[in-house]
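As the structure lists them, so they are numbered: ligands from 1, and atoms in each ligand from 1. The first residue of the sequence shown is numbered 1, and numbering continues consecutively from there. What you see below is based on every heavy atom in this structure, not just the backbone, and it leaves out hydrogens, waters and symmetry mates.
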Amino acid sequence: MKQSQLLIPTLREAPADAEAVSHKLMLRAGLIRQLASGVYTYLPLGFRVLKKVQEIVREEMDRAGAQELLMPAMQPAELWKESGRYDVYGPELVRLKDRHDREFALGPTHEEVITSLVADEISSYRQLPLTLYQIQTKFRDERRPRFGLLRGREFLMKDAYSFGRSWEELDETYRAMYEAYTRIFTRVGLDFRAVQADAGAIGGEGETHEFMALAEIGEDTIVVSENGTYAANLEKAEMFWEPPAGSGEEAPPMNRVHTPGAHSIDQLREHFGLEASAFIKTMLYLVDDRPVAVVVRGDREVNETKVQNALGGERIELADDAAVRRLTGAEVGFAGPAGLEGVKVLVDREAAAMPSAIAGANETDYHVENVKPDRDFAADLVGDYRNAAEGDLSPDGSGPLKFYRGIEVGHVFKLGTKYSEKLGAAYLDDSGRRRTAIMGCYGIGISRILSAVVEQNYDENGIRWPEEIAPAAVHIVPASAKDAAQMELALELYERFRAAGVDVLLDDRDERAGVKFKDADLLGIPHRIVVGREAAEKRVEFKKRSDADKETLTADEAFDRIAKRN
Ligand code: ATP
Ligand code: MG
């Protein structure tokens with residue numbers, strides 16, 4: 001590749017609306033361009049990286065025994081109605097009509113299409129187990145497309161689906177996929193953790209793991225024990241729990257206290273001069289439109305996923321101000337479990353074990369002291385309804401929990417029969433009985449990986465691509481295109497690399513050396529060979545993008561460093 005002929009529109013400054021480092025750098029390095037919010041073009045260098053990631057994913061999927069196919073993005077709405085997801089999926093599903101007014105969706109995922117295919121094509125136990133995958137463009141009209149390729153509305157995904165005859169067979173495939181994912185994310189150069197995730201209403205009994213690239217910009221919080229044996233998404237994370245001594249102690253009777261304007265835990269701490277853990281927080285929700293109060297200790301956060309799972313609900317939303325007024329008879333910030341009527345009350349086990357606490361009075365500007373769980377209010381359910389907190393002990397006894405931010409780059413999921421039942425993916429077993437196939441699904445955000453890798457690999461001058469997915473292995477930069485000896489040696493090396501099958505980029509542009517070096521740092525190709533003043537002596541300067549050190553080598557040595565690496 002000769003830079004003079006390639007479309008690499010580098011920018012000195014990133015557009016103002018790019019917030020994430022990876023987004024800025026990918027725009028500046030001329031890898032991507034935005035067409036519409038969350039919709040991007042991959043320019044030639046960006047496309048090279050995308051293809052390298054795809055190749056790694058393909059190799060590992062094939063190695064794990066999965067077969068590649070390609071399904072349509074355009075999917076009849078009937079299929080989505082059959083699975084029951086046409087309405088549930090909501091506005092994220094891109095819907096359209098054809099000229100005959102027939103409804104279609106642009107696939108955000110392909111459970112429906114693959115399951116109906118398997119329903120049609122598979123009939124005997126002899127044809128199973130089967131794992132099929134594709135690498136394909138997905139469409140999701142995300143509420144907040146942002147951070148470049150991290151959250152797009154049109155993006156590239158690898159999605160795989162397995163069909164088996166038993167849960168044991170699913171366990172095996174799941175393990176094989178998990179291992180393939182581990183190899184993939186290692187090969188693309190990511191620092192990642194596989195974490196337990198919430199299977200939620202969709203999954204039921206299904207086990208599920210998310211693969212998280214560690215990065216501050218990540219939208220997920222992951223919870224990891226000190227020695228790493230326990231790792232979970234905050235949504236799912238549990239904590240060691242033992243009821244404290246003394247929860248049964250007597251408490252004086254409840255006492256109403258005037259707390260004007262104190263509607264947050266911080267304001268209450270100030271008012272009473274007490275720690276947040278002396279209070280209980282009462283949060284009001286609507287779960288499938290039914291009012292629910294969730295009570296946690298004042299220093300804790302409600303875990304909405306745990307609440308939803310406890311109630312088996314499909315949708316959970318925080319009650320708005322009007323609903324709070326209607327349910328409590330007070331302004332927001334004064335809700336409490338004592339005297340609250342017509343609302344289901346879920347009490348976190350830690351709050352339930354408090355000897356007494358200060359809670360809202362369900363009256364504007366008032367709180368109540370000495371509220372004693374059980375004595376002063378009844379819980380409909382007691383359980384784990386709070387987020388884990390840093391310092392909580394791991395449920396598996398492996399020490400205190402620490403928090404990290406993560407970008408979800410992959411997801412493996414035991415689906416069971418949710419789709420196969422609805423869409424009729426069944427087979428005849430060896431005694432001729434009809435059985436429903438047991439499914440798993442496995443996704444990787446191919447385009448998201450590019451951003452995640454950049455989030456983990458950059459410095460103030462630009463990107464530092466890991467070798468396996470870099471747009472090229474080596475960047476040859478003659479300091480002056482006008483210097484015949486330099487250009488001659490640069491071209492000679494370039495041809496040698498090409499002949500040896502090494503991905504090479506030659507900066508043959510007639511630009512000042514400073515401009516070329518800046519661009520080279522920005523593009524982040526892992527090895528750089530600068531052909532400068534010593535070109536006539538066949539000596540060059542060799543540098544790794546990740547190191548500050550430069551070495552002077554003969555052209556032959558520099559060639560060998562690259563061609564004979566590993
Ligand atoms: P998220 O919680 O980030 O929205 P998800 O749970 O909706 O992700 P899945 O449905 O499991 O994601 O999709 C499989 C993979 O596709 C994800 O692990 C992620 O890497 C990728 N992905 C999902 N949504 C997007 C998006 N909007 N842009 C880019 N990649 C995405
Ligand atoms: Mg999503």
Check your understanding: For W80, which of V88, L93, D87 qualifies under side-chain contact (heavy atoms from CB on, under 4.5 Å)?
Key -> L93
Practice item. Below 4.0 angstrom from a heavy atom of L149, which ligand 1 atoms are there? Numbered from 1 as shown, please. Key: 29 (C)
Check your understanding: Does some side-chain heavy atom of R349 sit less than 4.5 Å from a side-chain heavy atom of W241?
Key -> yes
Exercise for review: Provide the closest heavy-atom pair for V454 versus L25 in the form atom of the first, atom of the second, distance.
Suggested key: CG1-CD1, 4.1 Å
Review point. Counting heavy atoms only, which of H411, R144, E219, E210 comes nearest to atom 11 (O) of ligand 1?
Key: H411
Check your understanding: Is the cationic atom of R58 (NZ for Lys, CZ for Arg) positioned less than 6.0 Å from the six-membered ring centroid of Y133 and within 45 degrees of its normal?
Key -> no
Point to revise | Cation-pi, F155 ring and K138 (6.0 angstrom, 45 degrees) | key: no
Review point. Between L150 and ligand 1, which part of the residue brings a heavy atom under 4.0 Å of the ligand: side chain, backbone, both or neither?
Key: backbone
Study note, to complete from the structure: heavy-atom search around atom 28 (N) of ligand 1 in the protein gives G152 N, 3.0 Å
Point to revise | K52/E55 salt bridge by N-O under 4.0 Å criterion | key: no
Practice item. Would you check the N or O atoms of G445, main chain and side chain alike, for any that come under 3.5 Å of an N or O of ligand 1? Key: yes
Revision key, fill the gap. Checking heavy atoms under 4.0 Å, the part of E408 that sits near ligand 1 is both
Review point. Just which atoms of ligand 1 are under 4.0 Å from any heavy atom in E142?
Key: 24 (N), 26 (C), 27 (N)
Point to revise | ligand 1 versus D159: contacting region, heavy-atom distance under 4.0 Å | key: neither
Study note, to complete from the structure: Ranked by distance from atom 13 (O) of ligand 1, the top protein heavy atom is M157 CE, 3.5 Å
Review point. Which protein heavy atom lies closest to atom 4 (O) of ligand 1, and at what distance to 0.1 Å?
Key: R151 NH1, 2.9 Å
Review point. How far is atom 7 (O) of ligand 1 from its nearest protein heavy atom, and which residue and atom name does that atom have?
Key: R140 NH1, 2.9 Å
Review point. So, D380 and K344, do they make that salt bridge, N to O below 4.0 Å?
Key: no
Review point. Below 4.0 angstrom, N of the basic side chain to O of the carboxylate: do K281 and D299 qualify?
Key: no
Exercise for review: Answer yes when R85 and E112 have at least one side-chain N-carboxylate O distance shorter than 4.0 Å, and no when they do not.
Suggested key: yes
Review point. Is the shortest N/O to N/O distance between V409 and ligand 1 below 3.5 Å?
Key: yes
Practice item. Just go through F155, F139, F413 and tell me whose heavy atom is the nearest to atom 31 (C) of ligand 1. Key: F155
